[in-house]
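Here is the structure we will look at, set down as structure tokens.
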Amino acid sequence: MKRILTVQDVSCVGKCSLTVALPIISAAGIETSVLPTAVLSTHTQFKGFTFCDLTNQIEPIAKHWKQEGIVFDAIYTGYLGSFEQLALIENLIADFKTDGNLIFVDPVMADAGKLYVGFDQAFADRMALFCSKADVIVPNLTEASFMLHTPYVESVYDENYIDGTLEKLIALGPKVAVLTGVSYAPDQLGVVGFDSRTNEKFAYFHDRLEGQYHGTGDVFSSAAVAALARGKSLGESFQIAADFVCAAIQATLDNPTSRRYGVDFETALPGFIKKFE
Ligand code: PXL
């Protein structure tokens with residue numbers, strides 16, 4: 001069985017980060033090891049959340065894993081909260097990198113043109129450096145614009161703009177760059193990626209569903225890294241991930257609650273699991 005290590009916070013309520021990565025990666029038939037970087041009562045879009053930083057656990061945990069000779073087929077990082085965490089996780093990646101394993105970085109820090117609470121441009125610059133260590137990065141358009149110091153363009157852009165953005169992301173150093181939330185027409189949304197090793201571009205578009213939901217980026221990345229670890233191609237993996245997010249949003253629309261509570265990915269899990277039969 002493949003083993004993925006995922007490094008991100010535990011937001012106890014508000015389906016995102018580890019509480020979605022663990023069930024989704026496990027459902028794909030992959031052992032999921034976790035390195036929780038912090039515990040929050042909820043994600044940061046609720047008011048008054050608690051926060052317990054676990055940065056001081058990163059080095060001792062990694063040291064123990066090294067002593068035990070533990071290896072990972074992929075390392076997937078999501079929300080990381082500080083410069084210090086980025087530096088420590090860079091060391092961890094250097095220590096656990098093998099010839100064959102996959103380093104998958106979701107530079108979680110912003111959406112819809114805005115940085116999340118607690119992040120600033122300096123953090124985005126540091127995250128851009130962190131991305132150089134990755135095989136695959138999956139920023140949304142907002143995260144890409146902060147990392148590249150380019151204006152956030154909400155809707156009116158064409159394929160050339162996206163291709164240019166992918167080129168600039170590749171120049172940061174990752175082998176594969178994937179942009180999420182791309183839209184060339186009001187009724188569609190999708191993902192476009194570029195693999196600098198093969199010079200291949202891939203793209204997948206689907207109908208745009210109503211509304212913006214919290215945690216969909218984490219659902220998407222968890223599904224994509226799982227599919228890649230299960231040996232699916234880049235194109236297939238990102239299609240599986242996009243379809244899974246759509247199915248989860250559809251399930252949420254069918255049974256609405258507050259958007260802060262994330263999407264009902266649980267309802268969509270049986271369809272996701274079938275992709276690996
Ligand atoms: O879903 C991204 C995310 C993860 N973890 C925490 C967050 C957010 C987005 O706001 O606040 C703690």
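Since the model is a prediction, treat every value here as computed from it, not as a measurement. Each ligand, and each atom within it, is numbered from 1 in the order the structure gives.
- Salt-bridge formation is not detected for the pair R230/D73: no Lys NZ or Arg NE/NH1/NH2 atom is positioned less than 4.0 Å from an Asp or Glu carboxylate oxygen.
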(request) Take L5 and V34 through the side-chain contact (heavy atoms from CB on, under 4.5 Å) test and state the conclusion after the steps. (result) CA-CA 6 Å; L5 167 63; V34 300; 5.7 Å; no
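- Salt-bridge formation is not detected for the pair D95/K63: no Lys NZ or Arg NE/NH1/NH2 atom is positioned less than 4.0 Å from an Asp or Glu carboxylate oxygen.
- Every residue meeting the ring pair (Phe, Tyr, Trp, His ring centres under 6.0 Å) condition with Y79, not counting sequence neighbours, appears here in chain and number order: F119.
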When you check ligand 1 against the protein, what N or O pairs turn up below 3.5 Å? List the atom names and distances, or just say none.
residue, atom, partner, partner atom, Å
ligand 1, 1 (O), D218, OD2, 2.6
ligand 1, 5 (N), D9, OD1, 2.9
ligand 1, 5 (N), D9, OD2, 3.4
ligand 1, 10 (O), T44, OG1, 3.4
ligand 1, 10 (O), Q45, NE2, 3.2
ligand 1, 11 (O), T44, N, 2.8
ligand 1, 11 (O), T44, OG1, 2.6

(request) Go through the steps for V192 and Y204 under the test side-chain contact (heavy atoms from CB on, under 4.5 Å), then give the verdict. (result) CA-CA 7 Å; V192 184; Y204 179 65; over 6 Å; no
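- To the nearest 0.5 angstrom, I89 atom CD1 is 10.5 Å from E84 atom CD.
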